[in-house]
Amino acid sequence: MKQAILITAYKNYFHLEKIISFFDDDFQIYIHLDKKSIISDSELQQLLAYPNVQSLCQIYKVNWGGINHLKSILHLLKLASEDSENYYFHLISGHDFPIKKPEEFKRFFLEKIHLNYIENFKVPFRGWANNGGLDRLEYYNLFDVFNYKDNRQIRWINKALVYQKRLNVKRNFPAWFPPVYGGSTWWSLNKNAAEYIKQFQNQHPGYLKRFRHTLCSEEFYFQTILMNSPLKNTIRNNNLRYIDWKPRNGNNPAILDLTDLAKLQNSDAFFARKFELPISKELLTQLNA
């Protein structure tokens, strides 16, 4: 029995190596690199040389906020769930790092094999901007068309939203669409949940299509399926991730540094984010000690 680590990444080759080398042979690694990322053939071969790396692909060009991030996650989950050895699945980014030892992963998730860990709440949610998250679903958010990271293109995304509101143009949900839930992108799910997600998508091909032009659709897709499923009672509203949402080190969420070490060591989380070199270098050294 093995656990699968699903990683979506776009840079930080050396950090990817640290994540991969942290886990032993009881873990299988599946990586999607943004198709826009520049990585040399030699770097690709070095990553694939690790025996626990089962797949490393560059299928989708991923714009921040666009649907291709969700598609890359679904691709990794499909690959990992096809291996009968994998009984648990952890989704992380290339900016994350495990903060519990592999033996703790094995003990905890074998004991909790019947449970799923994913943040969730009913939408609209007062803790979310943009009308509690509804603007992200009810209007066309053109993050698939324009690159939010390009300052010249942000204005077109914003203008499109302004004009839709002025003209009262809203997107409807199909009658069969379940009540919407949201939450953090990152989760840890068991095999039953992975299989149910695939089954639901196969039975409702229009479900994924409805999330096109939804801002950060991966923050709705999994929660909505699972919280309306027979597995609802297996879900714990805790994704077991440590994230500091106070801006620090030039980023929000904060880029973690050595001052966070005690908090990570005392946390019940299994992963933390975000790590970025050189700011996080000493913290990573201590976590690997």
Side-chain angles (χ1 to χ4, degrees), residues 6 8 32 59-60 62-82 88-89 91 114-145 157 160-161 163-165 167-239:
L6 317 181
T8 61
H32 182 276
I59 299 174
Y60 300 105
V62 179
N63 281 358
W64 185 89
I67 198 171
N68 278 354
H69 188 219
L70 171 58
K71 288 181 177 180
S72 66
I73 294 168
L74 291 171
H75 177 73
L76 295 179
L77 184 60
K78 179 179 183 294
L79 288 178
S81 61
E82 286 172 350
Y88 225 94
F89 307 84
L91 175 64
H114 60 294
L115 297 179
N116 294 285
Y117 294 87
I118 180 170
E119 182 186 60
N120 63 87
F121 39 75
K122 195 79 176 288
V123 175
F125 173 62
R126 66 180 181 178
W128 269 4
N130 305 311
N131 196 21
L134 286 178
D135 285 3
R136 296 163 55 176
L137 293 155
E138 293 182 340
Y139 297 103
Y140 291 93
N141 293 268
L142 302 182
F143 292 81
D144 297 303
V145 179
I157 296 172
L161 193 56
Y163 284 128
Q164 288 175 81
K165 289 186 175 182
L167 297 171
N168 196 28
V169 174
K170 282 193 175 183
R171 305 164 66 193
N172 295 321
F173 288 99
W176 54 264
F177 207 91
V180 178
Y181 286 77
S184 170
T185 300
W186 319 107
W187 39 251
S188 293
L189 301 176
N190 65 22
K191 195 170 187 66
N192 287 340
E195 292 298 330
Y196 187 86
I197 289 164
K198 289 197 301 180
Q199 175 187 328
F200 184 90
Q201 179 58 53
N202 289 338
Q203 293 174 349
H204 302 87
Y207 181 71
L208 177 60
K209 292 178 182 177
R210 178 55 181 81
F211 282 110
R212 184 167 170 78
H213 301 310
T214 295
L215 172 57
C216 295
S217 54
E218 66 275 14
E219 295 184 350
F220 300 96
Y221 183 94
F222 299 97
Q223 285 86 352
T224 299
I225 292 176
L226 293 173
M227 291 303 293
N228 290 285
S229 79
L231 300 174
K232 180 178 179 178
N233 291 335
T234 71
I235 295 170
R236 297 296 176 264
N237 194 4
N238 177 357
N239 66 357

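Residue numbers start at 1 and run along the sequence shown.
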Side chain to side chain contact (heavy atoms under 4.5 Å, CB included) evaluation trace for Gln223 with Ile118: CA-CA 7 Å; Gln223 285 86 352; Ile118 180 170; 3.7 Å; yes
Rounded distance [0.5 Å steps], CG in Asn237 versus CG in Asn120: 4.0 Å
Backbone N/O of Phe143 and side chain of Asn141: donor-acceptor pair under 3.5 Å: no
Aromatic ring pairing Phe125/Trp128, orientation class (parallel under 30°, perpendicular over 60°, tilted between): perpendicular
Candidate pair Lys191 and Ser81, rule side chain to side chain donor-acceptor pair (under 3.5 Å), full reasoning: CA-CA 7 Å; Lys191 195 170 187 66; Ser81 61; 6.0 Å; no
Trace of the ring-ring contact (aromatic ring centres under 6.0 Å, His included) decision for Tyr88 with Trp187: CA-CA 11 Å; Tyr88 225 94; Trp187 39 251; 9.6 Å; no
Asn130 side chain vs Gly133 backbone, donor-acceptor pair below 3.5 Å: no
Derivation and outcome, side chain to side chain donor-acceptor pair (under 3.5 Å), residues Tyr181 and Glu219: CA-CA 9 Å; Tyr181 286 77; Glu219 295 184 350; over 6 Å; no
Under 3.5 Å: donor-acceptor pair, side chain of Arg212, backbone of Gly66: no
Within 45° cone of Tyr140 ring axis and under 6.0 Å: Arg171 NZ or CZ: yes
Gln164 side-chain N/O to Ala160 backbone N/O, donor-acceptor pair under 3.5 Å: yes
Backbone N/O of Leu74 and side chain of Gln201: donor-acceptor pair under 3.5 Å: no
Ile67 backbone acceptor or donor facing Asp144 side chain under 3.5 Å: yes
Exceeds 12 heavy-atom contacts within 6.0 angstrom, atom OH of Tyr163: no
Side-chain donor or acceptor of His32 paired with backbone N/O of Ile59 under 3.5 Å: yes
Donor-acceptor contact present, side-chain Arg136 to main-chain Leu215, <3.5 Å: yes
Side chain Arg210, main chain Asn172, donor-acceptor under 3.5 Å: yes
Where at least one partner belongs to residues 224-236, residue pairs that pass side-chain hydrogen bond (donor to acceptor under 3.5 Å, both in side chains), sequence neighbours excluded: Asn116-Thr234
Aromatic ring pairing Phe200/Tyr207, orientation class (parallel under 30°, perpendicular over 60°, tilted between): perpendicular
